[in-house]
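First the structure, in the form of structure tokens, and then the observations on it.
Values reported hereafter were calculated over all heavy atoms of this structure, with side chains retained and with hydrogens, waters and symmetry mates removed. Remember, it's 1-based here, ligands and their atoms both numbered in the order they're listed.
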Amino acid sequence: MAKQEDIFKKVISHAKEYGYVFQSSEIYDGLSAVYDYGQNGVELKKNIREYWWKAMVQLNDNIVGLDAAIFMHPTTWKASGHVDAFNDPLIDNKDSKKRYRADVLVEDYVAKIENKIEKEVKKAQKRFGDNFNKTQFLATNQRVVDYQEQVTSILKRLGQSLEKEDLVDVKKLIEELDIACPMSGSKNWTDVKQFNLMFGTKLGANAETAMDLYLRPETAQGIFVNFLNVQKTGRMKIPFGIAQTGKAFRNEIVARQFIFRMREFEQMEMQFFIQPGTQKEWYEKWKENRMKWHLSLGMGEDNYRFHDHEKLAHYADAAADIEFRFPFGFKELEGIHSRTDFDLGSHEEFSGKKLQYFDPELNKNYVPYVLETSIGLDRMFLAVFSNSLQEEELENNTTRTVLKLPAVLAPTKAAILPLVKKDGLPDIAHGIIEDLKWDFNVTYDEKDAVGRRYRRQDANGTPFCITVDHQTKEDNTVTIRHRDSMEQERVAIADLKAIISKAVDMRTWLLKMK
Ligand code: GAP
């Protein structure tokens, strides 16, 4: 089995074992691509959401929040283009009877070529050591240049065929690239067909009069239909943004990658309303801003890259993904889309209501242009969780499993451990918890030897272990152990709050965006 697959399996089983993510309705054998978050998962998810909300809403005086309903009037989805254009191109393998997204089959093929490029880079890096110049190598090594040309030409053709809805050519491309079914190895493919991803449901008790509804496939439309409500009641002046987090639903066909691609998931989206003609400038600004947000979490610059879209969604005039290095390779984590005036313009047309802004600077009315940032909360969870899970070789030839979550996001900030279950040490530990719990999520653990308790907290992602011992009774000090370095120091109980705050405060982390 490939190493990547092994790592990914470990991520999934660790997420379950430590109460982060469970399969939905597991006692009934689960529901495909639907997941529940356990006692730790719900905290990590909440912290990621808050980290995003603070960066987008609290720290920007021209961005406000919204919480729109999941159900929306069905015409919304006609206007947004989702009824007609929110499709995936699907292809079936006639032998294995497995269904795939045709574009994903091609993209996976491309990812294999990109892996070869990365291997060449690593080999050369080893050979040339400090003298290695990656940019020069990528531009001059013939084998790498050939691989890169292959990638560009395949993606260009795929983009153009999808753009023109030329599904015959998409099938032709799959055949020309000799792509086989990953399950059976067969190359016996059906034609490519479009499949709409929205879930339908009904509103009302009477079968004849019930209204057909959709579960929203993106949260963005709740923002567009409320554009004027917020602009007028908040007296917002362009440029301004509306941010929202909430559930979205898609009947995904390729749903094999744990919480990477789910049928019910959560998005964190922000629509930034701007003057027409300024979209290029804002597109660059938001790309930069969002990348800074990711980098502020300290998960490694090399793990991110931008990918500009060849095939643009029906609403966009420019779009890029921030891709992250997941255990199964670089994949989309967040999208930044220049959505023009498509959505507001279309809602004007379908609703018959004006959705315009009077710009005192230009002294005229217009339909604003929109710059969107859109990130999946669950996908961000997977990025953080998978990147943090590490197996470390220790000096005494043992290994430890440690979940090096950014401390600001960790579900539990500190575990308070009495060295023994007697001599009044548990009472002191409980006293510390009573004091700290107003500011942080903390936990108590007295079971097993203290070394095993440290390991348990390491695997759980807890940044600090605070041990109460007999010296504590003498001088009100405890040892504080740092998860990542395993270093321990003796500190006063009175200083604990300040020490933990310094490490987990969102302010400290978000200031890194500056
Ligand atoms: N409003 C624009 C929009 O929805 P998108 O690229 O389709 O754009 C935005 O989705 C983000 O939502 C993606 O970058 C991804 O992080 C997340 N996302 C999309 N589909 C998802 C799914 N099925 N499961 C989990 N996250 C998903």
Side-chain angles (χ1 to χ4, degrees), residues 21 24 31-35 37 45 48-49 52 66 68 70 72 76-77 80-82 85-88 101 103-104 107 162 195-199 214-225 241-272 283 286-287 290-291 293-294 304-309 311-324 326 328 330-340 342-344 346 370-386:
V21 184
S24 156
L31 190 61
S32 158
V34 186
Y35 291 90
Y37 288 87
K45 207 173 160 197
I48 297 173
R49 195 189 292 111
W52 181 87
L66 180 77
I70 287 172
M72 298 184 71
T76 308
W77 306 110
S80 68
H82 283 83
F86 195 52
N87 300 318
D88 271 350
R101 259 177 63 179
D103 54 334
V104 170
E107 279 164 9
L162 291 173
F195 173 84
N196 193 287
L197 294 181
M198 283 197 293
F199 280 106
Y214 294 107
L215 297 184
R216 65 180 179 195
E218 62 171 11
T219 59
Q221 297 304 324
I223 295 181
F224 290 123
V225 300
I242 305 177
Q244 146 158 264
T245 70
K247 288 275 176 131
F249 303 83
R250 295 183 190 179
N251 199 357
E252 298 283 2
I253 297 308
V254 181
R256 290 177 267 125
Q257 288 158 321
F258 191 40
I259 54 171
F260 179 81
R261 200 179 300 286
M262 302 158 86
R263 297 203 162 103
E264 172 181 342
F265 58 102
E266 195 166 334
Q267 287 187 316
M268 306 191 286
E269 298 201 298
M270 193 275 301
Q271 314 294 321
F272 200 67
Y283 176 63
W286 277 109
K287 271 173 76 174
R290 293 304 303 146
M291 185 58 101
W293 181 82
H294 286 285
Y304 301 87
R305 69 182 188 193
F306 281 113
H307 169 245
D308 294 319
H309 282 208
K311 179 191 186 266
L312 294 172
H314 57 276
Y315 50 70
D317 72 356
D321 295 335
I322 294 179
E323 293 189 337
F324 184 75
F326 286 96
F328 37 82
F330 270 104
K331 295 273 176 211
E332 173 186 348
L333 172 58
E334 169 158 11
I336 292 117
H337 310 128
S338 172
R339 291 184 78 130
T340 67
F342 173 84
D343 301 271
L344 288 181
S346 190
V370 171
L371 212 290
E372 167 184 72
T373 71
S374 174
I375 177 169
L377 175 49
D378 312 83
R379 212 171 268 191
M380 182 64 194
F381 184 113
L382 181 60
V384 171
F385 192 87
S386 58

(request) Would you tell me whether Y283 and D317 have side-chain atoms, one donor and one acceptor, within less than 3.5 Å of each other? (result) no
(request) Check whether the side chains of H82 and Q221 place a donor and an acceptor atom closer than 3.5 Å, and report yes or no. (result) no
(request) Would you mind checking if E269 and R339 are paired as a salt bridge, meaning a charged N to carboxylate O distance below 4.0 Å? (result) no
(request) Report all protein residues having a heavy-atom distance below 4.0 Å to some atom of ligand 1; order the list by chain, then number. (result) E218, A220, R250, E252, F260, R261, M262, F265, Q267, E269, Y315, E332, L333, E334, G335, H337, R339, E372, S374, I375, G376, R379
(request) Could you list the residues that satisfy side-chain contact (heavy atoms from CB on, under 4.5 Å) with R49, not counting sequence neighbours? (result) K45, K46, T245, E266, M268, L377
(message) My understanding is that only residues two or more places apart in sequence, or in another chain, count here; which of them pass side-chain contact (heavy atoms from CB on, under 4.5 Å) with D88?
(response) L90, R101, L197, E252
(request) Please list, chain by chain and in numerical order, all residues satisfying side-chain contact (heavy atoms from CB on, under 4.5 Å) with Q244, sequence neighbours excluded. (result) L66, D67, A68, R216, T219, I223
